[in-house]
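Residue numbers run from 1 in the order of the sequence given. Scope of the values below: all heavy atoms of this structure, side chains included, with no hydrogens, waters or symmetry mates.
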Amino acid sequence: MKIKLALNGQKKEFEIQPNEMLLDVLRREGCKSVKEGCRQGECGVCVVLIDGIPVNSCLLPAARANGKKVLTTEGLAPSANGKMSVEQELHPIQRAFLESGAVQCGYCTPGMLLSTKALLDNNPDPTEDEIKLALEGVLCRCTGYVKIIDAVKLAAEKIRSKK
């Protein structure tokens with residue numbers, strides 16, 4: 001079975017198995033930022049944005065992504081072969097997470113980045129409670145969330161100042 005979707009801004013066509021999960025298709029196609037965690041939708045490390053909405057890709061049959069826009073962390077600041085070039089600027093959300101020290105082991109980071117993007121796309125000036133609500137689907141075992149919340153606030157400032 002074939003599906004077509006816009007992956008990180010590029011039209012793609014994939015051959016999939018009928019019950020194949022989107023997580024498996026994306027990883028097979030080179031999107032290594034989409035992590036495999038619990039496969040039960042509890043940890044959030046497999047979060048991608050589908051038409052701007054955070055979705056656990058481990059629970060979504062790939063066929064349901066047909067015709068949709070799918071964004072992975074590779075699409076935040078896209079580059080050749082998934083690697084950043086010296087000239088390339090990080091997305092303000094990525095920059096804020098680095099500057100705030102909100103990345104430790106990095107396993108949850110892609111899910112946090114994409115959940116933050118979905119939040120800030122819809123609410124450029126969120127309260128701390130709104131930030132917590134937006135991030136509740138992604139579990140972090142390293143940072144205790146304080147630096148992550150600080151990073152989201154900083155990202156919101158950076159994005160607002162660019163407008």
Side-chain angles (χ1 to χ4, degrees), residues 1-85 87-98 102-103 106-126 130-131 133-139 148 151-152 155-156 158-163:
M1 148 188 270
K2 289 188 181 191
I3 62 169
K4 294 179 182 181
L5 52 89
L7 177 60
N8 298 326
Q10 296 181 8
K11 292 182 180 183
K12 300 277 185 171
E13 182 173 288
F14 302 116
E15 184 70 36
I16 64 165
Q17 297 302 312
N19 293 322
E20 193 171 16
M21 294 299 138
L22 183 60
L23 165 69
D24 300 311
V25 173
L26 294 174
R27 289 196 54 84
R28 182 178 70 232
E29 297 302 324
C31 296
K32 300 301 182 192
S33 72
V34 185
K35 306 294 186 213
E36 180 181 344
C38 67
R39 284 214 178 251
Q40 298 174 1
E42 297 292 327
C43 69
V45 300
C46 66
V47 164
V48 298
L49 297 185
I50 303 221
D51 292 339
I53 299 169
V55 173
N56 290 324
S57 64
C58 72
L59 297 178
L60 186 74
R64 293 201 47 212
N66 190 41
K68 307 283 185 187
K69 294 179 186 174
V70 178
L71 182 71
T72 69
T73 303
E74 286 90 352
L76 284 178
S79 63
N81 300 321
K83 296 180 182 177
M84 296 295 294
S85 66
E87 304 83 34
Q88 188 158 14
E89 185 62 34
L90 293 173
H91 189 282
I93 295 170
Q94 293 170 308
R95 175 76 51 212
F97 269 67
L98 287 173
V103 292
Y107 204 69
C108 71
T109 304
M112 291 288 184
L113 292 170
L114 293 171
S115 294
T116 298
K117 180 168 181 8
L119 169 66
L120 298 180
D121 283 351
N122 292 301
N123 181 357
D125 194 14
E130 290 169 328
I131 293 169
L133 184 62
L135 299 179
E136 76 179 358
V138 185
L139 301 179
I148 293 170
V152 176
K158 287 178 177 292
I159 291 169
R160 284 192 313 268
S161 71
K162 282 191 170 187
K163 292 184 176 182

Legend entry - Donor-acceptor under 3.5 Å (Lys32 side chain, Arg27 main chain): yes
Inset, instruction - Would you name the heavy atoms of Val138 and Met112 that are closest together and state the gap between them? - result: O-CE, 3.2 Å
Legend entry - Nearest non-hydrogen partners of Ala96 and Ala151, listed with the distance: CB-O, 3.4 Å
Inset, instruction - Check whether any side-chain heavy atom of Leu120 sits under 4.5 Å from a side-chain heavy atom of Pro126, and report yes or no. - result: yes
Inset, instruction - Drop me the distance from Leu139's CG to Cys38's SG, to the nearest 0.5 angstrom. - result: 8.0 Å
Inset, instruction - Give, for atom OG1 of Thr73 and atom NE2 of His91, the distance between the pair rounded to the nearest 0.5 Å. - result: 10.5 Å
Legend entry - Test side-chain contact (heavy atoms from CB on, under 4.5 Å) applied to Val48 and Leu7, Leu23, Leu71, Leu26, the passing residue: Leu26
Legend entry - With Leu59 via side-chain contact (heavy atoms from CB on, under 4.5 Å) - residues at least two apart: Asn56
Legend entry - Option from Leu5, Val34, Leu60, Ile16 for which side-chain contact (heavy atoms from CB on, under 4.5 Å) with Val25 holds: Ile16
Legend entry - 4.5 Å side-chain heavy-atom contact, Glu20 and Pro61: no
Inset, instruction - Would you give the length of the straight line joining atom SG of Cys58 to atom CE of Met21, rounded to the nearest 0.5 angstrom? - result: 8.5 Å
Inset, instruction - Return yes if some donor-acceptor pair links the side-chain N/O of Ser57 with the main-chain N/O of Cys46 below 3.5 Å, else return no. - result: yes
Legend entry - Euclidean distance, Ile131 CD1 relative to Leu119 CG, rounded to 0.5 Å: 6.5 Å
Inset, instruction - Can you see which heavy atom on Ile93 is nearest to which on Ile159, and at what distance? - result: CG1-CD1, 4.0 Å
Inset, instruction - Give, for atom CD1 of Ile53 and atom NZ of Lys69, the distance between the pair rounded to the nearest 0.5 Å. - result: 12.0 Å
Legend entry - Approximate separation, where rounding is to 0.5 Å, of Glu36 CD and Asp24 CG: 6.5 Å
Legend entry - Residue pair Met1 / Ala63: nearest heavy atoms and the distance that separates them: SD-CB, 4.1 Å
Inset, instruction - Kindly say whether Lys2 contributes a backbone atom to a donor-acceptor pair with the side chain of Glu13 at under 3.5 angstrom? - result: no
Legend entry - Atom of Lys35, atom of Tyr107 and distance for their closest heavy-atom approach: CG-O, 3.6 Å
Inset, instruction - Flag the pair Arg64 / Leu22 as yes when at least one side-chain heavy-atom distance between them is below 4.5 Å, and no otherwise. - result: no
Inset, instruction - Locate the shortest heavy-atom distance separating Ser115 from Leu135; write the atom from each residue and the value. - result: CB-CD2, 3.9 Å
Legend entry - Minimum side-chain heavy-atom gap Glu130-Leu133 below 4.5 Å: no
Inset, instruction - For the residue pair Arg95 and Glu89, establish whether any side-chain heavy-atom pair is separated by less than 4.5 Å. - result: yes
